[in-house]
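The structure appears below as structure tokens.
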Amino acid sequence: MKVLVATEKPFAAAAVAGIKNIVEGAGHTLALLEKYTSKEELLAAVADADALIVRSDKVTAEVADAARNLKIVVRAGAGFDNLDLDALSAHRVVAMNTPGQNANAVAELAIAMMIFMCRNQFTPATGSEVMGKKIGIQAFGNVGRLVGKKAEALGMSVMAVDPFIPAEKISEMGATPAASVEELYSSCNFVSVHIPATPETIGSIGYDLITKMPKGATLINTARKEVIDEAGLEKALEERPDLKYATDIAPSNYAALREKFGERVFATPKKMGAQTAEANLNAGLAAANQICAFFKDGCTRFQLNKF
Ligand code: 3PG
């Protein structure tokens with residue numbers, strides 16, 4: 001079988017070497033399309049691929065149509081909003097993710113961003129400390145729980161909310177459950193966002209929630225840019241000169257935000273939460289192993305679509 005790794009933002013070299021070992025060790029062949037700059041390159045590369053490994057690369061209906069031999073696509077990472085699951089199902093292509101494999105890398109970035117914002121982006125202005133402050137975790141999955149643990153080790157108190165995890169379970173996992181998302185925002189000095197981008201969550205964090213935050217609060221988004229209502233964020237930052245926003249992927253209005261609010265806002269130049277050697281290895285090797293297990297035994301663990 002031909003396994004294509006198509007990554008506009010490539011994996012670390014060691015991860016590619018590890019994927020190659022696994023794929024070739026199982027008797028398959030590996031093809032590599034890295035740093036591609038046009039949709040056409042991806043469409044051409046998938047034409048004869050039996051399996052596909054991607055990162056945030058968009059696997060659209062057009063890609064699914066072009067990939068005539070495709071049987072499985074694995075998103076090496078957690079969020080799968082870049083996969084058109086309906087189109088893949090229509091072609092009877094199994095779609096999977098690799099949950100948890102990037103979690104520590106993203107959690108470390110969330111903590112780093114929190115401290116970076118407390119220290120005014122490492123400018124000489126007087127900053128503040130995180131010890132003794134409260135962090136609110138919006139969605140207590142693999143990443144959120146790790147952020148909570150790390151924040152606790154920094155002397156912070158941790159509150160969390162998750163529509164899929166009951167309050168008792170959140171308490172058992174060491175955080176104070178918030179009764180609602182509104183309570184989380186109104187009680188925490190920092191809110192760290194870990195919700196996926198879905199039709200329900202897109203644009204769900206806006207003016208009303210953000211302005212509930214206490215004086216001097218910071219919102220940290222290492223999830224998806226789409227979950228923020230950008231006009232609402234801008235209005236909130238305008239009305240509340242004490243609030244700050246840090247995000248792992250620039251909002252569409254970043255230039256305007258930066259001009260208006262300076263160091264109160266920060267965005268990474270490219271999504272870099274999972275951009276560590278360790279996360280690349282974890283997620284890349286997991287993807288390769290999942291594909292080999294699928295071809296060998298029909299294993300469909302972590303399948304996201306049904307058909
Ligand atoms: C994820 O959902 O796992 C992260 O957002 C990683 O995205 P990336 O592979 O594009 O870095």
Side-chain angles (χ1 to χ4, degrees), residues 3-16 18-19 32-37 39 41-42 51-60 63 73-85 88 95-113 137-147 150 162 164 192-202 205 220-228 246-251 267-291 301-305:
V3 180
L4 172 69
V5 175
T7 46
E8 180 270 324
K9 182 175 61 183
F11 288 120
V16 176
I19 293 170
L32 206 52
L33 175 70
E34 292 183 321
K35 293 189 191 172
Y36 60 93
T37 50
K39 179 181 73 179
E41 286 174 84
L42 178 60
L52 175 62
I53 297 176
V54 292
R55 296 185 63 176
S56 289
D57 308 79
K58 288 195 170 32
V59 182
T60 58
V63 173
V73 50
V74 182
R75 191 280 191 248
F80 51 89
D81 45 304
N82 54 320
L83 306 183
D84 185 331
L85 293 184
L88 290 168
M96 295 182 183
N97 64 348
T98 65
Q101 302 293 344
N102 286 334
N104 188 66
V106 179
E108 286 191 10
L109 183 70
I111 296 288
M113 279 181 155
I137 317 275
Q138 188 178 3
F140 213 41
N142 290 314
V143 181
R145 291 200 288 269
L146 281 170
V147 172
K150 292 173 199 302
D162 191 304
F164 304 104
S192 191
V193 179
H194 302 290
I195 54 177
T198 66
E200 294 74 39
T201 65
I202 287 174
I205 301 170
I220 301 146
N221 177 15
T222 53
R224 289 291 181 269
K225 94 195 242 291
E226 292 81 3
V227 300
I228 304 289
T247 178
D248 183 23
I249 188 157
T268 51
K270 195 153 193 149
K271 187 151 68 100
M272 58 173 287
Q275 197 63 340
T276 66
E278 293 87 345
N280 282 186
L281 265 178
N282 293 342
L285 302 197
N289 281 320
Q290 286 171 217
I291 286 171
R301 192 166 176 227
F302 302 127
Q303 182 169 350
L304 302 162
N305 55 345

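Every number for a ligand or one of its atoms is a count from 1 in the order of the listing. For this chain, numbers begin at 1 and follow the sequence in order.
The shortest distance between side-chain heavy atoms of Leu83 and Val54 falls below 4.5 Å. The shortest distance between side-chain heavy atoms of Met113 and Thr268 falls below 4.5 Å. Met272 has its side chain within reach of Leu109: a pair of non-hydrogen atoms, C-beta onward, lies under 4.5 Å apart. Looking at heavy atoms from C-beta onward, His194 lies out of side-chain contact with Arg145 at the 4.5 angstrom threshold.
Near Gly77, meaning under 4.0 Å from one of its heavy atoms, ligand 1 places the atoms 3 (O). Near Ala274, meaning under 4.0 Å from any of its heavy atoms, are these atoms of ligand 1: 6 (C), 11 (O).
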Checking side-chain hydrogen bond (donor to acceptor under 3.5 Å, both in side chains) for the pair Asn280/Glu278: CA distance, chi angles, key distance, verdict?
-> CA-CA 5 Å; Asn280 282 186; Glu278 293 87 345; over 6 Å; no

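The shortest N or O to N or O distance between Lys9 and ligand 1 is under 3.5 Å. An N or O contact shorter than 3.5 Å links Ala78 to ligand 1 by distance.
For Gln101, the heavy-atom gap to ligand 1 stays at 4.0 angstrom or more. At least one heavy atom of Arg224 sits less than 4.0 Å from an atom of ligand 1.
Under 4.0 Å from ligand 1, not a single heavy atom of Glu8 appears.
The side chain to side chain donor-acceptor pair (under 3.5 Å) with Gln275 is formed by just one residue from the set Lys270, Arg55, Lys9; it is Arg55.
Looking at Asp248, its side chain does come within 3.5 Å of a backbone N or O of Gly273 through a donor-acceptor pair.
Among protein heavy atoms, atom 5 (O) of ligand 1 sits closest to Lys271 NZ, 2.6 Å. Closest to atom 10 (O) of ligand 1 among all protein heavy atoms lies Ser56 OG, 2.5 Å.
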